[in-house]
Amino acid sequence: MIDMNPSDTSCIYSTWKFVCSEARRNNTKAILTFDQPLYWKALMIVLNEPDNSDLKTIILRLGGFHLQMSFLGCIGYIMDNSGLRELLETIYAANTVNHMLTGKAVARALRGHFLVDNALNYMIVSKVLKPKLNNHLGDTDPETERGDAAEEMQSVTTATDDQHIVMDDDRASGSQECNDNLLSSVGELYDGLIDKTISPEVVCESTLLDDINHMLEVEKQSLSQTRTGSLWLQYMGMVDLLRLFIKAERTGNWDLHLATVNDMLPFFAAAGHNLYLKSAYIYLQQMLQLKDDHPDVHTAFQNGHHVIRRSNRFWAGLPSDLVIEQALMRSVKTTGGLTRGRGMTAAERARWILSMPACAGINSAVQELCGIDYQTSSQHKESSEARKERDHKDVFTLISFLENRYPFAEDPSLRNIETGVIAAENVNVDNARTVGSNIVQKMVGKTVADISFRRSEQAVTMNAKMAVKVDGDSFEVDPQLLFQQLLIASDAMYDDKSEIFRFELCSQPSSLFDSSGLMRQANKALLADAMWNLGDCSTEELPSGFVQYVLDGGSLIQRLPWRQGESFNSICNTYLEYVSKRYCNAVIVFDGYSKGSSTKDTAHIKRSKGVVGSTVIFSADMPCRSRKDVFLANKDNKQRFINMIGQKMEERGFDVTHADDDADLMIVKRAVECANDGSTVVVGEDTDLLVLLCYHASATSHDIYFMSEKSKQKIWDIKKTKSVLGMETCNHLLFVHAISGCDTTSHPFGISKGVTLKKMLNDDHFKKQGEVFTRCATESEIVQAGEEALICLYGGIQGEKLDVLRARKFFSKVASSKTSVKLQALPPTSAAARYHSLRVFLQVQQWVGARDDLVPHDWGWYIADEKLMPIKTNMPPAPEMLLKVIRCKCKTNCDTKRCTCRKHGLECSTGCGECRGTGCTNAADYNIETDDEM
């Protein structure tokens, strides 16, 4: 063991000299494998040696395992904010997914990506061939299971049928019969191969698999016409490339190894993994010269000897750097290793090294004495029944997530399949391979010293909206990591650290906005539950005699399912019969969906997951071929259907009202009007209606009731509810609902609606701030009252500033918490609270209905992509001087104090210019817990 830092050039040089002497003594050629930082330094040493130096005879290789880790990081970077993270979080914990997407938790990352790829292929195959597949693991009848799976996948395959396409029934049935025959023949081939009645050669000679592959390639070509579809097909291609790379390593296929490394280069370039890009590029050049420079070594590599094998099984090859991690590094870091001993001093290291042979001998002797022989199983751990059962279950968990977030929908935009957020205009990540190829092409013919990379030429991810800008250069980094780095860097730059808490210390106000950049969504039903628990707000049954019903038209449309292929006229009649049987005397109020922007645009994006179905020109007799949710995701389709059903209801004698925009206020106003003549029942599902009724209902009119179709046993008596809450609280209830989060305002993280209601009931100072929002007030009064209200909700002291409270909360959490402080748990800054308060005021005034002269642009909103989006803050993420020190631009391996990250005690991260936190000596250690599962 050389008692030096492994990244020190002297240590590397000493290693080279030792290996040279050993190779010369054994009359053989030496092959050394390094991970990227050491590979680059070793390469520079060799290049600077004279031509007759012994070091020139050593063959230098780039570690395959670390190359794979970097490529996994590329996948995570390219798919950032695409919905892949949320997809993986259905089968893995959130913290684990973070490590998977950065390439640190290698085994889990491989399994996760392979399962997602299986789920996506499942959906494509089902769309093309419509097979009957088993998706259950229990004791259910297999025939029932296959039928359920077919029904599930039918819902998936119709996700893209946005426009009505007429197909001849005979042709459709004939096509399906042909597919069934094809699948049946393939099934016979598979059964014969498993039973060993058909040889692999016969299977390979069959054209059936080629026919299926051709059908799938044609379908993929069609799906790639949309940007979101193209991105996910590119992801599948990257996973296929990863699978081929592992195959090359496991089987010892040298040509496949070089081919896959070459195919990785564009993705290294597109993701900004520049150090690995340069190293892999030179590595390929040198390995391609082996045939001429070292023909004997080239022959050995062609025979599969570029990998290490612990057994003679076909799939047993391992990269040499992985073997080091599994053997030497594992023994160092596990029980009995150096890191678990009494220190890392020279004496301890010497004792450990000298004792290892003795320990190995004792271990063997004890095994022989006890008759126990440690052997590895011939069965791979991933082929066990338990593992196959778990994989099967997880694949269908992924499929169920993707069904309602179909990535191949006929929507031309590039969107996050989970949140529906549309990518910015400059995002080109769906074309990452081409972007990377252009960068690689510019490297041709240049020396290493002349090669430079520009971030502007790299792929722009869907997380670009969350990027932090420093000196005109944008970079993306995890908000929690950025927060921690800024705090560490501020130690040496600020005597009073509380000064920096007037900045968000991340790319956005995390307490008000989620990781996708959208406003945090509140559980509005919690406010209704809190009100219900305060006292008796209910009635056991509705009054007898004449009762006027007022129906929420939007809730009514969502209430009934549609049968695919049913005409729109028949669908409308279903609604008419439903309303006639239950509410003989009803007023129906429908929402309006104009083509202009609305403050509920972000809520619509979340509900539709960004899917916008194609506009369908339909008539009453035309059958509906689209899935209901896809059809209604298009505003024009929804408005046209509302007009159709509204007209038919009017013809049937119902009182129909069409609102210009959101119908909640109109529903309540119609209910209040009807209550002047008799008892009235409002039927809907939205908590907004309950809150508005408590504010607008008159104490002198007839009774008003509120009920849900889903739970008819829970009937609200509005007069009783107003009595339980008190008139003063009812007047402020709109403010309580808006400041704690509704469709147009953010939910402050950690502040429940029950707590907000309790604060309104018991805190006079909080109640005083609420009064400002229900009257005509100036902007400065609104901002001041909003900040005071948030201080009350976060447990601040009266007169304390929000930024001061933010710092105090942080220091308090640091002192009492055993884990890291979550950024979103801190109060928002004053700058962020300003715009939140303005949006709250706008929403309260719209609910009050007293003013219609308020323009959203003046109250915390701006236009982007023809939609109203919330203004988050007017402050930069952090002071400029701090942002400059948390990311380095080192061209080498970040192993000196010239690296700003190392200088300030920070580990390099994904925001660094060249290394990206993966290809340098200052990067965080990766997780090797199960790397042998590679």
Side-chain angles (χ1 to χ4, degrees), residues 36 66-89 97-106 108-110 112-113 116 230-232 234-239 241-242 245 263-278 280 414 416-417 421 423-424 426-440 453-468 473-482 507 515-517 887-888 907-920 923-924 926:
Q36 189 279 324
H66 291 85
L67 198 68
Q68 176 185 290
M69 285 178 56
S70 182
F71 188 70
L72 286 169
C74 291
I75 295 177
Y77 176 82
I78 289 173
M79 296 301 292
D80 195 13
N81 207 27
S82 65
L84 177 62
R85 177 185 296 274
E86 292 81 0
L87 180 59
L88 289 172
E89 284 177 358
V97 173
N98 287 334
H99 295 300
M100 291 165 60
L101 293 179
T102 56
K104 305 297 184 183
V106 179
R108 291 189 178 98
L110 292 177
H113 288 310
V116 172
S230 178
L231 175 65
W232 283 91
Q234 178 182 260
Y235 166 76
M236 295 172 68
M238 295 177 72
V239 176
L241 178 57
L242 184 62
F245 179 79
D263 290 341
M264 287 178 178
L265 294 181
F267 296 108
F268 286 140
H273 286 216
N274 299 329
L275 297 180
Y276 264 97
L277 172 60
K278 290 192 294 186
L414 180 59
N416 182 315
I417 63 171
V421 175
N426 63 330
V427 172
N428 60 357
V429 73
D430 53 318
N431 203 23
R433 182 189 288 273
T434 302
V435 172
S437 297
N438 293 336
I439 297 174
V440 174
F453 301 98
R454 297 179 181 177
R455 186 179 286 267
S456 60
E457 295 178 346
Q458 298 167 7
V460 181
T461 70
M462 294 183 65
N463 204 34
K465 291 182 178 179
M466 310 296 293
V468 178
D473 191 14
S474 299
F475 65 95
E476 295 115 40
V477 65
D478 178 72
Q480 184 68 27
L481 176 60
L482 178 60
S507 54
S515 58
S516 66
R887 60 185 296 265
C888 68
E907 291 178 342
C908 290
S909 69
T910 54
C912 292
E914 295 288 333
C915 64
R916 295 285 188 177
T918 58
C920 72
Y926 58 89

Q: First locate atom CZ of Arg433, then atom CE of Met238, and finally report the distance between them rounded to the nearest 0.5 Å.
A: 8.5 Å
Q) Got a donor-acceptor contact below 3.5 angstrom from the Asn428 side chain to the Ala459 backbone? A) no
Q) Which heavy atom in Tyr77 sits nearest to a heavy atom in Ala270, and how many Å separate them? A) CE2-O, 4.0 Å
Q: Determine whether Leu110 and Gln68 make a side-chain contact, defined as any pair of heavy atoms from C-beta on separated by less than 4.5 Å.
A: yes
Q. Rounded to the nearest 0.5 Å, what separation is found between the CD1 atom of Ile75 and the CG atom of Leu84?
A. 9.0 Å
Q | Pairwise distance OG(Ser516) to CE(Met462) - rounded to 0.5 angstrom | A | 10.0 Å
Q: Supply the atom-to-atom distance Arg85 CZ to Met79 CE, rounded to the nearest 0.5 angstrom.
A: 12.0 Å
Q.
Let's go through Tyr235 and His113 carefully: what are the C-alpha distance in whole Å and the side-chain angles of both, what is the deciding distance for ring-ring contact (aromatic ring centres under 6.0 Å, His included) to 0.1 Å, and is it a yes or a no?
A. CA-CA 9 Å; Tyr235 166 76; His113 288 310; 5.7 Å; yes
Q. Of the non-hydrogen atoms in Arg108 and Met100, which two are nearest, and what is the gap between them?
A. O-CE, 3.3 Å
Q: For residues Val116 and Val239, determine if any side-chain heavy atom of one lies less than 4.5 Å from a side-chain heavy atom of the other.
A: no
Q: Compare all side-chain heavy atoms of Phe71 with those of Leu67 and state whether any distance is below 4.5 angstrom.
A: no
Q: Give the C-alpha distance, both sets of side-chain angles, the deciding distance and a yes or no for side-chain contact (heavy atoms from CB on, under 4.5 Å) between Val440 and Leu277.
A: CA-CA 8 Å; Val440 174; Leu277 172 60; 4.1 Å; yes
Q) Between Leu414 and Val429, is a side-chain contact (heavy atoms from CB on, under 4.5 Å) present by the stated rule, with each step listed? A) CA-CA 9 Å; Leu414 180 59; Val429 73; 4.3 Å; yes
Q: For the residue pair Gln234 and Asp430, establish whether any side-chain heavy-atom pair is separated by less than 4.5 Å.
A: no
Q.
Consider side-chain hydrogen bond (donor to acceptor under 3.5 Å, both in side chains). Of Asn463, Thr461, Asn416, which one does Asp80 pass it with?
A. Asn463
Q.
I need the Leu231 CG to Ile417 CD1 distance, nearest 0.5 Å.
A. 9.5 Å
Q) Which pair of heavy atoms, one from Thr102 and one from His99, lies closest together, and at what distance? A) OG1-O, 3.1 Å
Q: Heavy atoms only: give me the nearest Ser70-Phe268 pair and the separation to one decimal.
A: OG-CE2, 3.5 Å
Q.
Just verifying a value: how many Å separate Phe267 CZ and Leu242 CG, rounded to the nearest 0.5 Å?
A. 11.0 Å
Q | Leu265 and Ile439, any side-chain heavy atoms less than 4.5 Å apart | A | no
